[in-house]
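Everything below concerns the one structure shown next.
Within every chain, numbering begins at 1; the chains are lettered A, B, ... in the order of the sequence lines, protein sequences first and strands thereafter.
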Amino acid sequence: MTELETIRHSCAHVLANAILRIWPEAQFAAGPPVDNGFYYDVDLGHRISPEDFEKIEKEMAAIIAEAQPFQREVITRDEALAMGERGELAGLSPRPQSSKFKLDIITRIPTGEEITLYRNGAFTDLCAGPHVADTSGIGAFKLTHVASAFYQGDEKNPQLQRIYGTAFASAEELEKHFALLEEARKRDHRKVGKELGLFHIDDSVGQGLILWTPKGAIMRQEMQNFISRELAKQGYSQVFTPHIGRLDLFRTSGHFPYYAESQFPPLIERDTMEKLADEGCSCADLGNRVSAGEIDGYLLKPMNCPMHVKIFASQPRSYRDLPVRLAEFGTVYRWEQSGELNGMTRVRGFTQDDAHLFVTEEQMAGELKGCLDLVKTVLGTFRMTDYRVRISLRDPSSDKYVGDPANWDRAEQACRDAAATLGVPFTEEEGEAAFYGPKIDFVVKDVLGREWQLGTVQVDFNLPVRFGLSYTGADGKAHVPVMIHRAPFGSLERFTGVLIEHFAGDFPVWLAPEQARILPVSEKVADYARSVVAEMTARGIRATADLSPEKLGAKIRLAQVEKVPYMIVIGPKEEAAGQLSIRSRQRGDEGAVAKDEFIQRIESEIRDRTLTV
RNA sequence: GCCGGUAUAGCUCAGCUGGUAGAGCACCUGAUUUGUAAUCAGGCGGUCGUCGGUUCGAAUCCGACUGCCGGCUCCA
């Protein structure tokens, strides 16, 4: 535990202590430190609400002021159980009710492991520690919110109230933390996306379904163009496939019905439905017969892979054709739980910048590296440099994985080797691989400190076998190709959401929906303004003119708020000299330059995808 | 899906203990012709999320539903 985590965990004890002073019957489960603070799970008849925080914090402050020393005590399992029965664990004294969660926790401690208590003042808790020397070691704290959580994280267990708080060594650090949270709130993609008119979610269209408005659509198109160009450089072929496919296709791939609960329900043909209705087939019956494969229908595709597999299989392949790299901006639909939906980052319909590579085993290592390079290039272009790489490997002791163990070893080693060439830290996590192969994920940190899994590269031994794919080798025999799935953005929706927060809506010129706005100081130069817009538009620059009767100050303010990267002030002086007065949104007034000089400059910034500082 | 919170004009929000709605911005109109972050005046705009209940009377109290927010669970 780090020093900060020790402070926070100690603060969790103080929280429990304070709650007991107010509600002596409270039962506590676990109170660990977490990323931005700590929590303690409590079972209590009274519903704790933020209005109670002041009262609780007052008790906590009193406990901290008392500088109660934390005392560690090793006890036997029997002693621990006896104390739990008397309700003394996470209590201030013996109580009529036993410490039920603590008793359960004791049963989970492996035999032979030391059982320890920590006491401060009247409060005793079953705890492995460590803690600060005394409660005054908690410099500054604040309760933040209350939520509910299942005991042990299991849906079948009772729900507890989870009280969240945070603590720091000093008040200054606490303030800094809240200032950062405030900044994060300002950048929230749901707020900024609405303000800038980038996307819209409409209840009558459906939860988790994104409507890309004209401005957002420009950004998406720019991102697609960017990726398309990178794909062309790396020898990919782009394809288009439909949004639905026959159930049998997804039965073969294994997606249906294995993942049925996270898919939109199947579409059954009208004739079939009518026939079944005549037979008096019930809904439950229908569901069963669809699952059993007796009835065919169509499925909104939850993945693009089977479609790409069919393109690969549509003609005979020789080893000379490999690798075959098929790319598509493919829209997929998944039934995410309603409580999981969140703006653009967690949705029910999304477009992956997907591709599938069909390669020989010898090509796998090189192709994996190529995929990682692509992801790295993409993230670098957006200066998203705060990321880590996670390699998910199989659990060698489990038999749930498909494919030859020797192939797995090779694939896992290829993942490691490829990741090592990136020059960023990577972790290996055993047992996290998909059943069909190992994968490499890029986990990017956003301004809130939340981690987002964006880019992903996965090796797949399974689908080629399920679909009976083959190519003719140099030996004239049929061989099974290896598939690589990869998506540098993950999904355009999620990536856009993260980008909005990353740039706080202040996008680089190449991505900005409106790149330049001409601000005439009066109507006298309206014609000049129109001609500048026409010239820039003709050269592929997204420019508009603000011809409203507002004063210049108001026009500038509006353009600043709407995050237009360049404001171009023109008046009689500029018109006479054929100049433009440039105001950068980020750098302010830059003075007058020749019209063509500015146009060339903005053109090169767009072409080079320059990131404004 | 579960727990809690929440829903008032296009947006941000006010409306105390029940007496049929208000501000700023946006929008429209007019005046102003403006030089680097808000010109002035007037106007339009809401069956207070939906349905039901309590009441002489509901934005306000109660219930259900829906959306959203914070978590939990989940993310092939």
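- Across rG46(B) and rG22(B), the matching P atoms stand 13 Å from one another, rounded to whole Å.
- Checked by atom type, the side-chain pair Gln161(A)/Ser148(A) shows no donor-acceptor distance below 3.5 Å.
- Distance CG (Asp546(A)) to C1' (rU33(B)): 14 Å, rounded to an integer number of Å.
- To the nearest angstrom, P of rC75(B) lies 18 Å from CG of Leu454(A).
- Pair assignment for rC44(B) gives none, since no Watson-Crick or G-U wobble pairing has each distance under 3.5 Å.
- Neither OP1 nor OP2 of rC74(B) sits under 4.0 Å from any side-chain N or O of Tyr259(A).
- In terms of polar N and O atoms assigned as donor or acceptor, the side chain of Ser148(A) never comes within less than 3.5 Å of the base of rG4(B) in a complementary pairing.
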Going 5' to 3' through nucleotides 40-49 of chain B and flagging B where a protein heavy-atom sits under 4.0 Å of the base, S where only the sugar-phosphate is that close, and - otherwise, we get ----------
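- For Phe256(A) and Phe250(A), the ring centers sit 6.0 Å or farther from each other.
- Of the candidates rC72(B), rA76(B), rU36(B), rU36(B) carries the atom nearest the Leu552(A) side chain, counting heavy atoms from C-beta on.
- For Arg585(A), no side-chain nitrogen or oxygen approaches OP1 or OP2 of rU36(B) to under 4.0 Å.
- In this structure, Leu198(A) atom CG and rC11(B) atom P are separated by 16 Å, rounded to whole Å.
- Counting non-hydrogen atoms under 4.0 angstrom, Lys573(A) reaches a base of the nucleic acid.
- In terms of polar N and O atoms assigned as donor or acceptor, the side chain of Arg334(A) never comes within less than 3.5 Å of the base of rC74(B) in a complementary pairing.
- For Arg8(A) and Phe38(A), the positive end is not near the middle of the six-membered ring at less than 6.0 Å and at most 45° from its axis.
- The aromatic ring centres of Tyr333(A) and Phe350(A) sit 6.0 Å or more apart.
- In the set rG70(B), rA37(B), rA76(B), the nucleotide with an atom closest to the side chain of Arg583(A) is rA37(B).
- Per the geometry, OH belonging to Tyr40(A) stands 18 Å off P belonging to rC72(B), to the nearest Å.
- Across all strands shown, rU55(B) forms no Watson-Crick or G-U wobble pair with both key distances under 3.5 Å.
- Side chain Glu574(A) to base rG35(B): a donor-acceptor pair is found below 3.5 Å.
- The interatomic distance linking Glu575(A) (CD) with rU33(B) (P) rounds to 19 Å, in whole Å.
- The pair Arg583(A)-Asp589(A) does not count as a salt bridge, with every side-chain nitrogen at least 4.0 angstrom from each carboxylate oxygen.
- We find that CG of Asn36(A) is positioned 10 Å from P of rG71(B), with the value rounded to whole Å.
- Side-chain proximity of Asp589(A) to the nucleotides rG70(B), rU36(B), rA76(B) is greatest for rU36(B).
- For rG49(B), the paired base is rC65(B) (Watson-Crick or G-U wobble, both distances below 3.5 Å).
- Salt bridge Lys142(A)/Glu57(A): present, at least one basic N to carboxylate O contact under 4.0 Å.
- Taking every side-chain heavy atom of Arg190(A) into account, rC69(B) is the closest of rG35(B), rC75(B), rC69(B).
- The side chain of Tyr164(A) lies closest to rG71(B) when the candidates are rG71(B), rC69(B), rA76(B).
- Residue whose closest nucleotide on RNA chain B sits further toward the 5' end, between Ala147(A) and Ile570(A): Ile570(A).
- One finds no side-chain N or O of Gln337(A) lying less than 4.0 angstrom from the OP1 or OP2 phosphate oxygen of rC2(B).
- Comparing rA37(B), rG35(B), rG70(B) against the side chain of Val569(A) picks out rG35(B) as the nearest.
- Comparing Gly339(A) and Gln453(A) by the nucleotide of RNA chain B that holds the closest heavy atom to each, the one mapping nearer the 5' end is Gly339(A).
- Phosphate proximity of rA37(B) to Lys551(A): absent, as no side-chain N or O sits under 4.0 Å from OP1 or OP2.
- Not one side-chain nitrogen or oxygen of Arg162(A) sits closer than 4.0 Å to the OP1 or OP2 atom of rC3(B).
- No engagement by Glu562(A) is indicated, since no non-hydrogen atom pair under 4.0 Å with the nucleic acid exists.
- For rA64(B) and rC2(B), the P atoms lie 13 Å apart once the distance is rounded to whole Å.
- Atom CZ in Phe350(A) sits about 11 Å away from atom C1' in rA76(B), given to the nearest Å.
- Between rG45(B) and rA38(B), the distance separating the two P atoms is 31 Å to the nearest Å.
- Remark: Arg348(A) is positioned above the aromatic ring of Trp335(A), its terminal NZ or CZ atom under 6.0 angstrom from the ring centre and at most 45 degrees off the axis.
- Between Phe435(A) and Tyr401(A), a ring centre-to-centre spacing not shorter than 6.0 Å is recorded.
- Aromatic ring centroids of Phe461(A) and Tyr436(A) lie 6.0 Å or more apart.
- Distance check: Leu143(A) CG to Lys55(A) NZ gives 12.5 Å after rounding to the nearest 0.5 Å.
- One finds no side-chain N or O of Gln560(A) lying less than 4.0 angstrom from the OP1 or OP2 phosphate oxygen of rU36(B).
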Test log, rule ring pair (Phe, Tyr, Trp, His ring centres under 6.0 Å), inputs Phe101(A) and Tyr151(A): CA-CA 9 Å; Phe101(A) 300 110; Tyr151(A) 177 60; 4.9 Å; yes
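- rA31(B) and rU39(B) make up a base pair, with Watson-Crick or G-U wobble contacts both under 3.5 Å.
- As judged by a 4.0 angstrom heavy-atom cut-off over every strand, Glu261(A) is placed among residues making no nucleic acid contact.
- Taking both residues in full, the closest heavy atoms of Ile570(A) and Gln579(A) are given as CG2-O, 4.3 Å, listed atom of the first, atom of the second, then distance.
- Remark: Asp104(A) does not engage Lys102(A) in a salt bridge, criterion side-chain N to carboxylate O under 4.0 Å.
- Going from the C1' atom of rC48(B) to that of rC13(B) covers 13 Å, rounded to whole Å.
- The partner of rC2(B) is rG71(B), judged by Watson-Crick or G-U wobble contacts that both fall below 3.5 Å.
- Among the nucleotides rU34(B), rC75(B), rG35(B), the one closest to the side chain of Pro572(A) is rG35(B).
- Across all strands shown, rG10(B) is found opposite rC25(B) as a Watson-Crick or G-U wobble partner, with both distances under 3.5 Å.
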N/O contacts under 3.5 Å, protein versus nucleotides 24-32 of chain B?
none

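- Out of rA76(B), rC75(B), rU34(B), the shortest distance to the side chain of Ser522(A) is found at rU34(B).
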